[in-house]
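Convention: sequence-line order gives letters A, B, ...; per-chain numbering from 1.
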Amino acid sequence: MSKRIITGVLILVQIVLILSCSTPPKEVRVITDRTESHLTPLMEYYTKKTGTKINAVFVEKGLLPRLEARPQEADIVITSTINLLETARSKDLLQAFTSSRLKQKLPASFRDPENYYFTTSYRARAIYYSKDRVKAEELSTYEDLTSPKWKGRVCIRSGYHEYNLCLFSQMAATMGFEKTRSFVEGLHANLALPPKDNDRAQVRAIYEGKCDVAIVNSYYMGIMLSTEDQRDWGLSAKVFFPNQNDGGTYILQSGAALTKATENKKEAEKFLEFLVDDYAQQYMGNTLYEYPINDKLPLSDVNKSLGDEQKEVVDGKFKIHFVPLKEIEKYRPEIIKVLDEINFDNK
Amino acid sequence: MKKTVYGFIILLIFLLPVLYIVYEALSSSFSLPFLNIPCSILVSLLSNTLLVSIIGIFFAFITGLGCAVAVVYYEFPGRSFFEAALCLPLAFPPYIVAAVYKEMTHQYYQFGAGIENIWGAGLIFGFTLYPYFYLLLKTTFQNQSVIYIETGKSLGLHYRQRLFKIIFPMAKPAMFLGLLLVIMEIISDYGTVQILGVRTITAGIYDTWFSMFNQHLAAQLSLVAYVIPLLFLFIWTLFSRNASFYNPPNRWTPVKKNTLAAGQAILSVCLLSIPLLAGFIIPFSILVSWAIEKLKITNTAFLFSNLFNTVILAFIVTLASIIISMFLHYLKRNSRPHSFIHAVCWIICAQYAVPGIVIGIALLFLTSAFYTFPGTRWLVSSIFLIVFACIIRYLCFSFFSIESGMKRISSRLDELTRILRKKSIYRIMHIHLPLLKPSIMIGCIFTFIIVAKELTMSLVLQPFHYSSLSLRIFSYTRIGMIKNSALFAIVLVLLSIYPVFSLSRWFNVQESIS
């Protein structure tokens with residue numbers, strides 16, 4: 001009896017082993033922290049066009065620890081904050097891409113000098129202000145949000161969220177750590193509500209009159225205006241690109257990279273090439289309301305109208321403050337320490 | 001000897017996540033742990049966690065106790081309906097209730113404080129978790145021997161004195177078990193507190209691990225989260241060391257119910273409706289109205305595959321948990337009290353205190369070696385890992401359910417089979433299983449509904465191209481579009497409604513058998 005069971009189990013194990021060894025990867029595996037509904041249409045289009053299946057896992061948080069635990073799990077990493085890719089590279093999880101088409105298509109400012117990762121699209125970390133209660137002339141820079149006139153009027157999501165860590169780190173790389181510390185402290189002092197929820201909820205708070213200005217990503221305006229339930233929130237606010245006379249507005253970049261352990265580099269690179277093609281770039285511009293890396297492509301109508309009360313912004317084109325990605329990641333630990341010290345999320 | 005080996009192997013498997021966390025927590029430095037957590041952060045995380053827990057437990061306890069007393073000791077119109085229906089909030093994952101109420105307060109009460117604070121979180125937990133207290137207390141009250149109450153009567157105790165001097169003190173173990181379950185649910189919760197913006201210790205673990213990439217600090221925080229419920233357990237054992245809660249089983253008679261006068265009956269129906277409305281009917285009807293509103297734009301393509309994944313996961317975990325629990329009980333029944341096996345069972349059940357996120361991350365790293373070999377890769381790139389994680393965390397539900405049944409089976413029956421020289425498998429199949437049927441059913445139902453609602457571990461361990469109802473709902477909720485996932489939420493709740501309704505029935509069957 002028991003012999004029969006053992007034989008059965010052994011045969012089963014054999015079958016599984018043969019099955020798992022004999023299937024070569026025919027698909028491109030993507031691990032991403034981007035929103036599922038945003039990325040899926042693009043992947044489906046690619047599969048329809050080329051026949052290559054894109055298999056994805058959408059990890060809301062913890063993209064990096066997951067990649068660290070299972071470096072072989074994916075061929076491509078796509079992230080909404082490219083600085084994660086710098087950390088991934090420092091942990092030896094990525095490999096440089098070799099595709100000449102990619103190199104040719106990508107402007108130098110949107111690609112790692114050693115070709116480990118590149119920007120797929122970007123958005124501004126902008127200031128949203130209430131249409132009724134704030135005039136565009138009252139706003140100028142990020143730093144100005146710490147002045148007494150904004151006391152109890154500012155909203156922002158959790159300081160530990162990637163978007164904010166990335167903004168604060170870029171500031172530290174630009175104006176030094178001490179000045180950034182006083183900015184974070186000043187911002188915290190001026191908050192109307194404890195930092196929580198997502199970016200859209202901050203605009204909703206403007207709509208509900210709980211705050212007058214909020215630091216929110218630019219593309220949420222387009223998304224809110226095209227979402228029935230959130231239209232009113234978007235209509236209650238306008239977007240301001242800060243620091244236009246002073247270095248420029250900080251941007252957050254979405255990025256992509258090849259994993260070091262990929263067994264399918266050729267197919268994976270083809271998909272990466274697709275991401276910078278006009279079709280994908282226009283999709284990110286027109287459907288996700290981000291900015292394409294190819295500045296010759298037209299902006300979406302919503303994005304064209306952003307910042308229309310600022311004379312420095314023409315047709316939605318604003319001055320960008322580029323910070324080298326290696327510089328951004330350098331300040332992450334120090335920024336987190338500051339957030340801890342002032343207990344940023346507990347107002 | 002064989003038993004010890006089996007016990008040791010099972011123990012090791014169940015302890016893997018905790019051992020990993022201890023290793024990570026200690027491997028950063030051999031100085032005192034927690035030195036590198038800023039004190040203010042630790043204090044605010046802990047105080048938030050404790051406050052939410054206290055408020056949640058308070059509301060859950062008051063509601064659960066009130067409902068149980070009303071249903072067991074009084075007779076009024078609609079009593080049997082309430083007896084079953086009051087369990088219904090169990091079918092609702094707290095994070096969905098939180099998201100529904102948050103959206104509602106924004107729509108109709110947007111200028112007030114809303115529920116996005118500690119009080120709101122506590123209330124939501126109170127209304128969704130009170131069925132734990134309710135079910136445990138209801139069963140205890142129903143089982144309480146009349147001897148005690150009659151003795152009280154003959155000693156001239158008033159009704160209220162009997163309640164506070166006999167009935168409630170005798171129900172202490174049930175109250176404590178309820179408290180443990182609720183506190184463990186609250187501490188390990190991620191969805192609800194994230195939606196309501198309350199930073200409890202789980203949020204701290206998430207941030208330190210996923211934003212600061214500091215796994216040592218996160219592991220230290222995880223240990224704190226693990227230790228809090230264990231501390232309660234320790235205090236309880238300390239205080240109840242010399243107490244015994246013996247209940248003579250052979251003179252069990254149904255509790256005599258007092259019929260309420262019309263006014264009192266109306267009042268109790270009104271009061272009992274509050275938790276039912278707040279914890280089930282209101283959120284459910286709001287979801288239905290949203291689902292109808294958004295029916296045209298709801299993406300139903302995934303509905304069936306998500307439902308299928310949820311059911312399969314819950315089914316496999318339930319089946320496996322029952323089998324493992326039965327095996328553990330088999331080992332336990334054949335060993336002396338206070339033996340190694342008893343300790344093993346106790347430790348395995350305490351794994352419910354490990355927050356889901358911690359089990360998830362620990363398994364992710366522990367199984368990374370499997371991923372390098374193609375032969376074992378299927379194991380960790382399928383739902384197997386989620387199944388494994390769920391079994392580790394939720395085994396206590398099936399274990400305790402079966403235990404309550406096992407206790408009622410006289411050891412004389414076991415001896416009888418031995419005298420008849422029957423194999424132990426015969427004893428299990430022909431004597432234990434039939435007698436245990438109601439207990440097993442209760443265990444199955446609990447495990448099934450809890451796994452169907454599971455979110456945190458699936459978030460961390462989800463394989464490629466996988467989604468379940470709870471994952472889908474959460475992905476919509478986090479971008480502020482809960483209305484678009486209302487249909488998915490309704491399906492998830494409907495999936496658990498029948499099992500929840502039948503819980504009461506099986507509890508009653510269990511009574512009649514004993």
Rounded distance (nearest 0.5 Å) linking atom CD1 of I336(A) with atom CG of N214(B): 8.5 Å

If you measure from OH on Y206(B) to CD on E60(A), what distance do you get to the nearest 0.5 Å? 6.5 Å

V460(B) backbone acceptor or donor facing R66(A) side chain under 3.5 Å: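 Such a contact is found between R66(A) side chain and V460(B) backbone.
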
Q462(B) side-chain N/O to F58(A) backbone N/O, donor-acceptor pair under 3.5 Å: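 Confirmed, Q462(B) side chain pairs with F58(A) backbone.
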
Would you call F464(B) and E27(A) a side-chain contact if the rule is heavy atoms closer than 4.5 Å? no

Do K196(A) and L196(B) have side-chain heavy atoms sitting under 4.5 Å apart?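 Not in contact.
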
Chain B contacts, top residue of [options] (heavy-atom pairs, under 4.5 Å):
| options | result |
| --- | --- |
| R200(A), R204(A), E162(A) | R204(A) |
| A74(A), A201(A), G62(A) | G62(A) |
| E73(A), H161(A), R332(A) | E73(A) |

Smallest separation among heavy atoms of N343(A) and S44(B), with atom names: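 Scanning both residues completely, I find the closest heavy atoms to be ND2-OG, 3.4 Å.
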
Show the nearest heavy-atom pair for residues F365(B) and P65(A), with the distance to one decimal. CZ-O, 3.5 Å

If I measure from the heavy atoms of chain A, does [X] come under 4.5 Å with its side chain, its backbone, both, or neither?
| X | result |
| --- | --- |
| F474(B) | side chain |
| S467(B) | neither |
| I195(B) | backbone |

Segment of [X] engaging chain B (4.5 angstrom heavy-atom cut-off):
| X | value |
| --- | --- |
| L84(A) | side chain |
| A56(A) | backbone |
| D197(A) | side chain |

Residues of residues 33-42 of chain A under 4.5 Å from chain B (heavy atom pairs)?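 So far as heavy atoms go, D33(A), T35(A), E36(A) are the residues that approach chain B to under 4.5 Å.
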
Could you list which of residues 221-231 of chain A have a heavy atom closer than 4.5 Å to any heavy atom of chain B, in residue-number order? T227(A), E228(A), D229(A), Q230(A)

If you draw a 6.0 Å radius around NZ in K260(A), do more than 12 non-hydrogen atoms from other residues or ligands fall strictly inside? no

